[in-house]
2 protein chains.
Amino acid sequence: MVGIKDVARQAGVSVGTVSNVINRPDLVAEETRTRVQSVIARLGYVRSESARQLRAGASRIMALLVLDMGNPFFVAVASGAERTARAAGLGVMVCNSAQSVSEEREYLSLFAEQRVRGVLVTPADPTGRSLDGLRSQGIPFVLVDRVSADPSVCSVSVDDVAGGRLAVQHLVAAGHRAIVYVGGPPEVTQVHDRKAGALAALAEAGLPASALTEISAERLDVAAGRDAGSRLLGLGHRPTAVFCANDLLALGVLQAMFAARISVPDEMAIVGYDDIEFAAAAAVPLTSVRQPAVAMGRLAAEMLLEETVGDPADHRHRQTVLQPELVVRGSSLPGR
Amino acid sequence: MVGIKDVARQAGVSVGTVSNVINRPDLVAEETRTRVQSVIARLGYVRSESARQLRAGASRIMALLVLDMGNPFFVAVASGAERTARAAGLGVMVCNSAQSVSEEREYLSLFAEQRVRGVLVTPADPTGRSLDGLRSQGIPFVLVDRVSADPSVCSVSVDDVAGGRLAVQHLVAAGHRAIVYVGGPPEVTQVHDRKAGALAALAEAGLPASALTEISAERLDVAAGRDAGSRLLGLGHRPTAVFCANDLLALGVLQAMFAARISVPDEMAIVGYDDIEFAAAAAVPLTSVRQPAVAMGRLAAEMLLEETVGDPADHRHRQTVLQPELVVRGSSLPGR
DNA sequence: CGACGGAGGTGAAGCGATTCATTCACACCT
DNA sequence: AGGTGTGAATGAATCGCTTCACCTCCGTCG
């Protein structure tokens with residue numbers, strides 16, 4: 001494997017000069033520079049990041065740890081973060097905790113060993129204890145799609161209460177009075193907040209909280225949604241509308257309705273959450289609460305870059321909360 | 001930042017001993033070992049991968065470069081590869097070339113600088129020239145979902161000709177005689193091979209090649225499929241069946257049919273390719289050619305591990321070709 | 001009693017880059 | 001002529017770890 005010394009020898013200069021050619025080319029005389037560069041090309045020299053990093057103390061990689069790569073929402077977050085990081089010259093390592101606290105721990109300690117420049121993370125561990133390792137190593141991190149109680153922790157999230165409210169306001173305005181909320185594991189903040197928003201919307205409309213029934217799905221994926229859909233049909237008093245904690249669940253519910261030959265939206269309106277690409281692509285296009293996923297990834301990465309690249313002194317920790325937006329489509333528009 | 005020397009000092013041993021405690025604990029006396037371990041815990045020491053790696057010469061990371069993270073097919077490949085690599089103690093860096101040759105180049109040179117242990121890649125560059133960098137650095141790689149003409153290049157792929165044949169055999173058996181193939185950019189091997197399979201099926205059934213019309217989509221995503229769907233409806237002689245080069249296109253076509261109030265499958269049968277999760281979840285569940293995506297990721301990672309971890313001498317380069325499988329669902333089953 | 005061996009530890013050499021104080025050559029000024 | 005300033009290049013120190021040759025005890029055996 002060819003190293004900087006080989007290049008120096010071949011070019012008849014010192015290693016310091018080769019390093020300068022690579023990192024501060026303006027310090028090197030034109031003639032020497034081109035000579036060295038041609039030797040680099042000829043030998044196919046590739047500098048070793050590990051050596052560089054050892055001296056520098058920190059790597060040029062930003063880590064992104066998401067809850068579920070099977071959810072296109074997180075894929076969108078990742079793409080926003082990635083574009084931003086790469087524009088700043090950092091590589092991105094995308095990892096998937098699959099909602100498992102132990103996977104999360106493993107990844108975070110891997111990141112610490114790698115001395116990554118910073119971490120974007122949607123924590124699986126509700127206690128937030130997993131992040132202590134990063135803290136004690138002095139590795140900056142930004143929470144994505146989650147707010148911390150601690151004001152010294154940066155975060156970018158979307159107002160889930162507002163989102164839940166938007167969804168149910170829409171259903172109430174369309175005349176629905178018996179609505180089901182398909183939620184998930186209650187320790188997931190999002191699931192909780194979206195329901196709170198739904199209840200708030202009912203209250204504001206002067207409707208009783210009993211107008212909303214909750215069905216809790218095992219996980220937040222399509223299969224669980226299908227299951228919730230059939231449970232929903234078994235309810236004594238069949239509702240006329242469903243609001244789902246995410247689009248994967250909503251797609252599952254939609255499929256269950258189709259299997260039971262229940263017309264959507266005429267007999268059952270459905271509203272999802274996230275507005276993933278497949279929501280619009282469903283054969284009954286799904287009304288959904290759009291989260292600015294790409295923007296969230298971008299903002300989080302920008303925040304991290306600010307803390308990590310710029311002068312840490314002039315970085316103010318902050319919590320950014322974005323607003324969701326209702327996208328109305330066929331699944332909640334009767335009479336079309 | 002606390003280093004191995006701090007630990008050594010605090011524990012009253014030499015750095016060599018601390019290193020042994022971490023890497024070969026059986027060489028250290030019980031008492032010393034526990035003492036060192038407790039100091040490590042107390043100081044919150046985290047070893048530096050870059051230093052370790054600098055000595056070792058290679059990192060403990062496997063890279064995976066896919067064509068499109070927005071396609072759940074690749075997400076599945078990634079999850080298979082990841083599980084395998086992590087079981088072997090390697091971290092995985094998943095990156096997305098987004099079909100761009102220049103992005104691909106950038107990532108590959110990033111990998112080379114990182115001295116990653118190996119690379120799994122679905123190349124975007126049809127010339128295969130992008131991989132020369134890895135070759136000259138001696139970084140092993142395995143092609144995923146692609147076969148190389150060069151027998152010294154490992155690969156894991158699925159027989160796309162067989163897949164195309166399965167799809168069209170199925171449609172022909174159901175009586176379809178006017179079939180549209182929705183393909184994509186012709187330089188994509190998969191698109192080409194699947195069509196070749198389709199034509200082979202027609203020939204075997206004694207039907208003329210003219211029974212298959214091709215519509216070429218700009219890209220391989222849902223929006224392009226929607227577009228292809230409406231173009232399809234504008235054809236003079238309307239076909240009775242569509243075979244799409246992937247499920248994203250098929251979902252788009254399905255949506256176009258729905259918008260035009262054309263019944264699927266009665267007026268138009270649809271067959272997709274990949275069998276992504278959203279295929280089964282579509283309101284008209286999609287018949288699709290299933291690719292063993294997770295297995296492909298797993299096999300590719302195993303192949304790479306064999307070359308990279310074991311003795312390279314007893315590694316035989318090989319090309320594994322898996323067989324696809326037809327999954328019949330509602331979108332091609334009339335009379336239900 | 002001295003040689004031997006094994007267990008437990010030590011400490012210095014290196015991995016491949018970056019960086020910085022230093023040296024060198026040369027032109028310019030007084 | 002001597003001093004000075006400048007642009008260019010040098011080479012040694014350093015980052016944090018692993019590894020390996022070597023050292024020290026101490027019990028055992030011939």
Side-chain angles (χ1 to χ4, degrees), chain A residues 1-37 39-40 43-61 89 109-110 112-117 137-139, chain B residues 1-37 39-40 43-61 89 109-110 112-117 137-139:
Chain A
M1 173 128 313
V2 22
I4 202 172
K5 275 190 280 201
D6 305 294
V7 175
R9 194 173 329 114
Q10 289 274 328
V13 296
S14 73
V15 293
T17 301
V18 177
S19 176
N20 282 336
V21 168
I22 298 171
N23 301 300
R24 302 131 85 184
D26 44 312
L27 292 189
V28 182
E30 168 92 33
E31 193 229 357
T32 317
R33 196 192 323 144
T34 54
R35 180 157 39 97
V36 171
Q37 278 163 342
V39 173
I40 287 179
L43 299 187
Y45 166 71
V46 176
R47 111 181 123 202
S48 152
E49 255 301 304
S50 33
R52 176 183 171 68
Q53 184 174 134
L54 175 58
R55 276 247 54 184
S59 78
R60 304 173 54 69
I61 289 194
S109 72
L110 180 68
E113 290 192 354
Q114 303 273 353
R115 303 283 193 272
V116 297
R117 198 60 151 280
Q137 284 297 303
I139 296 179
Chain B
M1 173 128 309
V2 22
I4 202 171
K5 275 189 280 203
D6 305 293
V7 175
R9 195 172 329 114
Q10 288 274 327
V13 296
S14 73
V15 293
T17 302
V18 176
S19 176
N20 282 336
V21 168
I22 298 171
N23 301 301
R24 300 130 86 185
D26 44 311
L27 293 189
V28 182
E30 167 94 33
E31 194 228 357
T32 317
R33 196 194 320 147
T34 56
R35 181 156 39 95
V36 171
Q37 277 163 342
V39 173
I40 287 179
L43 299 187
Y45 165 72
V46 176
R47 111 180 123 202
S48 152
E49 254 303 302
S50 33
R52 177 183 170 68
Q53 185 176 131
L54 175 57
R55 276 245 54 182
S59 78
R60 305 172 53 69
I61 290 194
S109 71
L110 180 68
E113 289 193 354
Q114 302 274 352
R115 303 283 194 272
V116 297
R117 197 62 151 279
Q137 284 297 303
I139 296 179

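Because only heavy atoms are used, hydrogens play no part in the values below, and waters and symmetry mates are left out as well, while side chains stay in. Numbered from 1 within each chain, the chains take letters A, B, ... in sequence-line order.
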DNA chain D contacts made by residues 18-27 of chain A, counting heavy atoms under 4.0 Å
none
Going by heavy atoms in the side chains, are A:R47 and A:N23 under 4.5 Å from each other?
yes
Heavy-atom closest contact (A:A8 atom, A:S14 atom, distance):
CB-C, 3.8 Å
Between CD1 on residue A:I61 and CD on residue A:Q53, distance to nearest 0.5 Å
7.0 Å
What residues from residues 8-15 of chain B pass a heavy-atom cutoff of under 4.0 Å to DNA chain D?
none
Base, sugar-phosphate, or nothing: which does A:G3 touch, judged by heavy atoms less than 4.0 Å apart?
sugar-phosphate
Please report the interatomic distance CD1(A:I4) to CD1(A:I40), rounded to the nearest 0.5 Å.
7.5 Å
If you define the side chain from C-beta out and look only at heavy atoms, does anything of B:T32 sit under 4.5 Å from B:V21?
no
Determine the minimum heavy-atom distance between A:I139 and A:A112, stating which atoms define it.
CD1-CA, 3.7 Å
What integer distance in Å separates B:D6:CG from D:dC15:P?
11 Å
Reported CZ-to-CD distance for the pair B:R35 and B:E31, which is rounded to 0.5 angstrom
5.5 Å
Distance, nearest 0.5 Å, that separates OG of B:S48 from CG of A:L54
6.0 Å
Rounded distance (nearest 0.5 Å) linking atom OG of A:S50 with atom CZ of B:R55:
12.5 Å
Taking atom C1' of D:dA8 as reference, at what distance in whole Å does atom CZ of A:R35 sit?
12 Å
Do any N or O atoms from the side chain of B:S59 and from the backbone of B:R115 form a donor-acceptor pair under 3.5 angstrom?
yes
Heavy-atom closest contact (A:R33 atom, A:V28 atom, distance)
NH2-O, 3.4 Å
Nearest-0.5 Å distance that lies between atom CD in B:Q114 and atom CD in A:Q114
8.0 Å
note: B:M1, atom CE; D:dC17, atom C1'; distance rounded to Å ~ 15 Å
A:Y45 and side-chain contact (heavy atoms from CB on, under 4.5 Å): which partner among A:I22, A:D6, A:V39?
A:I22
What are the residues of residues 43-53 of chain B, sorted by number, that bring a heavy atom to within less than 4.0 Å of DNA chain C?
none
Partners meeting side-chain hydrogen bond (donor to acceptor under 3.5 Å, both in side chains) with B:E49 (sequence neighbours left out):
B:R52
Quick one, A:Q10 and A:V2 - any side-chain contact, counting heavy atoms below 4.5 Å?
no
Between D:dA12 (P) and A:I4 (CD1): distance, integer Å
15 Å
Take atom CG of B:L54 and atom C1' of D:dT18, then tell me their distance rounded to the nearest Å.
10 Å
DNA chain C: 5'-most and 3'-most nucleotides touching chain B, 4.0 angstrom heavy-atom criterion
C:dG8 to C:dG16
Divergence of helical axes at both termini of the helix from C:dC1-D:dG30 to C:dT30-D:dA1 - five pairs an end, 10° steps
70°
Are B:V36 and B:V13 close enough, and set up right, to give a side chain to side chain contact (heavy atoms under 4.5 Å, CB included), and what steps lead you there?
CA-CA 8 Å; B:V36 171; B:V13 296; 4.0 Å; yes
Just how far, in rounded Å, is C1' of D:dC17 from CZ of B:R55?
8 Å
